[in-house]
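Okay, structure first, notes after.
Only a predicted model underlies this, so the values are computations on that prediction, with no experimental measurement involved. Just so it is clear: chains get the letters A, B, ... in the order the sequence lines come, proteins before strands, and each one is counted from 1.
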Amino acid sequence: EYSWNSLLIGYLKNHEPKNAFAVHKRMEDLGTMNVSDPAFVLLLKACAEDYDFGKGYELHNISTRLGLVESNVFIGSTMIDMYSKFGLLMEAKQVFISMSAHDVVSWTALIAGYVEHKCWMEALDCFQKMQQECVSPNGATYACVLRACCSIRDITRGRELHAEAGRWGMLESHSSIGSALIDMYMKCGLLNCAQEVFDSLISNDVVSWTVLISGYVENGFDYKALHLIEQMQAEGVFYNAFTVVCGLRVCCNLLFRNKVQQLHMEAERQGLFEDNPLVCGTLMNAYAKCGLMDKGRQAFDKFPVRNSNIWTTLILGYAENGLFEEVCDLLNHMELEGCSPD
RNA sequence: CGGAAGACAGCCU
């Protein structure tokens with residue numbers, strides 16, 4: 001039994017859900033052993049990531065039979081998360097209700113589900129109920145709830161949460177709260193508040209940097225954003241895909257051709273380019289706006305994935321630059337490669 | 001370290 005569970009966990013940690021499911025099936029068929037709780041949690045996560053509804057339901061049935069949801073809050077929380085990732089919020093809520101005890105993670109999983117599906121009011125209600133039941137929020141909880149406040153532009157509520165988290169002394173140590181706050185203030189046009197939060201964080205990670213920078217871009221401060229990107233690099237924080245996309249947007253607004261190419265090179269060096277259609281699309285768009293279609297074409301050629309989005313971006317680029325012959329060629333080419341225009 | 005968490009581009013309307 002022990003070695004079967006180890007094998008199962010091994011596959012799950014290696015992100016080989018198919019093998020894991022096969023092992024699990026054999027264990028079920030043999031019918032003589034129990035899947036360990038940690039393995040069960042990982043199985044549920046694998047279903048969520050794989051979007052495997054059938055296996056998810058099967059696991060739910062098994063756990064009902066064994067009373068696992070009631071007895072183990074890890075399993076319950078993971079199942080809430082799985083259903084929420086499936087988009088089945090009613091199911092997620094049912095699981096939550098069927099649990100015998102709720103901790104901060106199970107509450108937060110449900111709140112996160114509501115937030116993810118834009119049920120802002122439900123999320124806020126849920127948060128209130130959680131506090132009524134005297135479960136203390138943690139950084140993840142605040143981050144979720146702040147996202148809800150931000151989306152409905154409830155800055156009053158957001159400020160209250162800001163103060164509350166501050167009273168608990170959670171701001172410095174939880175960058176997720178900081179990032180959510182910066183984002184909220186930026187989206188509400190309160191640039192100074194956002195900057196204040198950023199400056200108050202003990203260590204800023206790539207997300208808090210990127211949120212701040214995006215905020216300046218959204219509010220029209222392209223030069224400020226560009227300056228911050230350089231500062232971020234100087235402090236040794238590495239780009240991620242969001243940062244690159246944001247930087248490209250700035251360069252595009254300012255028509256800084258050299259900077260676009262520089263970002264392109266850095267994105268490639270950090271491996272952000274090859275597996276990310278968003279980065280590639282933004283890059284091609286930036287080149288198009290800068291009138292550098294040959295560079296855009298090079299990016300396209302290097303990119304391993306072909307989908308209609310990528311094709312469309314390229315074709316639009318040629319169209320914007322008045323290169324209509326290329327547009328026609330590419331439309332044909334695209335269909336030859338089995339991609340139909342939309 | 002068996003569970004939850006923060007930023008989501010371009011085009012068009």
Side-chain angles (χ1 to χ4, degrees), chain A residues 5 8-9 12-13 35-46 48 69 72-82 84-85 92 95-96 99 102-116 123 130 137-150 165 170 174-184 186-187 194 197-198 201 204-218 240-250 252-253 276-289 296 309-310 312-317 319-320 342:
Chain A
N5 275 303
L8 191 50
I9 289 177
L12 291 163
K13 289 197 171 173
V35 177
S36 70
D37 286 355
F40 204 89
V41 166
L42 292 175
L43 278 171
L44 287 167
K45 283 185 78 168
V69 175
N72 186 314
V73 348
F74 282 56
I75 290 178
S77 304
T78 315
M79 200 176 295
I80 292 171
D81 182 53
M82 178 189 80
S84 122
K85 292 205 164 88
V95 172
F96 182 84
M99 294 169 73
H102 301 127
D103 68 0
V104 60
V105 176
S106 45
W107 278 103
T108 306
L110 188 61
I111 294 172
Y114 285 130
V115 170
E116 186 61 37
M130 169 182 166
N138 64 16
T141 322
Y142 278 115
C144 287
V145 178
L146 280 166
R147 192 175 145 195
C149 292
C150 174
M170 297 177 76
H174 292 79
S175 63
S176 57
I177 303 180
S179 301
L181 283 170
I182 294 167
D183 187 44
M184 178 185 75
M186 279 297 190
K187 291 205 167 106
V197 172
F198 182 83
L201 295 179
N204 281 300
D205 62 13
V206 62
V207 179
S208 53
W209 273 102
T210 305
V211 176
L212 184 76
I213 294 167
S214 307
Y216 278 114
V217 179
E218 274 169 39
N240 68 16
F242 287 106
T243 325
V244 171
V245 166
C246 183
L248 285 169
R249 249 178 90 193
V250 175
C252 187
N253 290 343
N276 195 320
L278 178 61
V279 172
C280 179
T282 309
L283 183 63
M284 281 161 47
N285 186 55
Y287 277 133
K289 291 281 190 308
N309 250 335
I310 294 282
T312 306
T313 307
L314 181 72
I315 293 172
L316 274 177
E320 279 172 41
D342 52 25

*Taking only the side-chain heavy atoms of A/V41 (C-beta and beyond), determine which of B/rA7, B/rG2, B/rG10 contains the nearest atom.*
B/rG2
*asked:* Apply side chain to side chain donor-acceptor pair (under 3.5 Å) to residues A/N138 and A/T141 and explain how you reach the verdict.
replied: CA-CA 5 Å; A/N138 64 16; A/T141 322; 2.9 Å; yes
*Between B/rG6 and A/R147, is there an OP1 or OP2 to side-chain N/O distance shorter than 4.0 Å?*
yes
*If you check every side-chain atom of A/V105, which of B/rA4, B/rG2, B/rA9 has the closest atom?*
B/rA4
*A/A194 versus A/M186, closest heavy-atom pair with distance*: CB-CG, 3.7 Å
*Check every strand shown and say whether A/A180 touches a base, only sugar-phosphate, or nothing at a heavy-atom separation below 4.0 Å.*
sugar-phosphate
*asked:* Let's see if you can work this out: which of B/rG3, B/rA4, B/rG10 has an atom nearest to the side-chain heavy atoms of A/A109?
replied: B/rA4
*Would you say the base of B/rG6 and the side-chain of A/D205 have a donor-acceptor pair closer than 3.5 Å?*
yes
*C1' spacing across the pair B/rG3 / B/rA7, given as an integer number of angstrom*: 23 Å
_Once you apply a heavy-atom cut-off of 4.0 Å, does A/S106 come out as touching a base, just sugar-phosphate, or nothing?_
base
*Write down the distance separating the P atoms in B/rA5 and B/rC1, rounded off to the nearest Å.*
14 Å
_With hydrogens left out and only the distance checked, is there a donor-acceptor pair under 3.5 Å joining A/N285's side chain and the base of B/rA9?_
no
*asked:* Categorize A/V245 for me: base, sugar-phosphate, or nothing, with a 4.0 angstrom heavy-atom threshold over every strand shown.
replied: sugar-phosphate
*For A/D205 and A/S175, does a side-chain donor sit closer than 3.5 Å to a side-chain acceptor?*
yes
*asked:* Can you identify which nucleotide, out of B/rG2, B/rG3, B/rA7, has its nearest atom closest to the A/S214 side chain?
replied: B/rA7
*Classify the side chain of A/S175 and the base of B/rG6 as holding, or not holding, a donor-acceptor pair under 3.5 Å.*
yes
*Kindly point out which of B/rC11, B/rG3, B/rG6 is positioned nearest to the side chain of A/F74?*
B/rG3
*When all nucleic acid strands are considered with a 4.0 Å heavy-atom cut-off, which category describes A/V115: base, sugar-phosphate, or nothing?*
nothing
*Please determine, for the side chain of A/K45, which listed nucleotide (B/rC11, B/rA7, B/rG3) has the closest atom?*
B/rG3
*Closest to the A/F242 side chain, choosing from B/rA4, B/rC8, B/rG6*: B/rC8
_Measuring from the side chain of A/D81 (C-beta onward, heavy atoms only), which nucleotide among B/rA9, B/rA5, B/rG2 has the closest atom?_
B/rA5
*asked:* Measuring from the side chain of A/I75 (C-beta onward, heavy atoms only), which nucleotide among B/rG6, B/rG2, B/rA9 has the closest atom?
replied: B/rG2
*What orientation do A/H102 and A/F96 show, parallel under 30°, tilted 30 to 60°, or perpendicular over 60°?*
parallel
*Go through the N and O atoms of the side chain of A/S179 and the base of B/rG6, and report whether any donor-acceptor pair is under 3.5 Å.*
yes
*Please work out if A/S77 contacts a base, only the sugar-phosphate, or nothing of the nucleic acid, heavy-atom cut-off 4.0 Å.*
base
*So does A/K187 get a side-chain nitrogen or oxygen closer than 4.0 Å to the phosphate oxygens (OP1/OP2) of B/rA7?*
no
*Have a look at A/D37 and say if it touches a base, only the backbone sugar-phosphate, or nothing, with a 4.0 Å heavy-atom cut-off.*
base
*asked:* Using only atom types and a distance under 3.5 Å, with no angle test, would you say the side chain of A/D183 pairs donor to acceptor with the backbone of A/V211?
replied: no
*Does any donor-acceptor pair link the side chain of A/N138 with the base of B/rA4 at a separation under 3.5 Å?*
yes
*For B/rG6 and B/rG2, measure between their C1' atoms and round to the nearest Å.*
23 Å
*Could one point to a donor on the side chain of A/D103 or the base of B/rG3 with an acceptor on the other under 3.5 Å away?*
yes
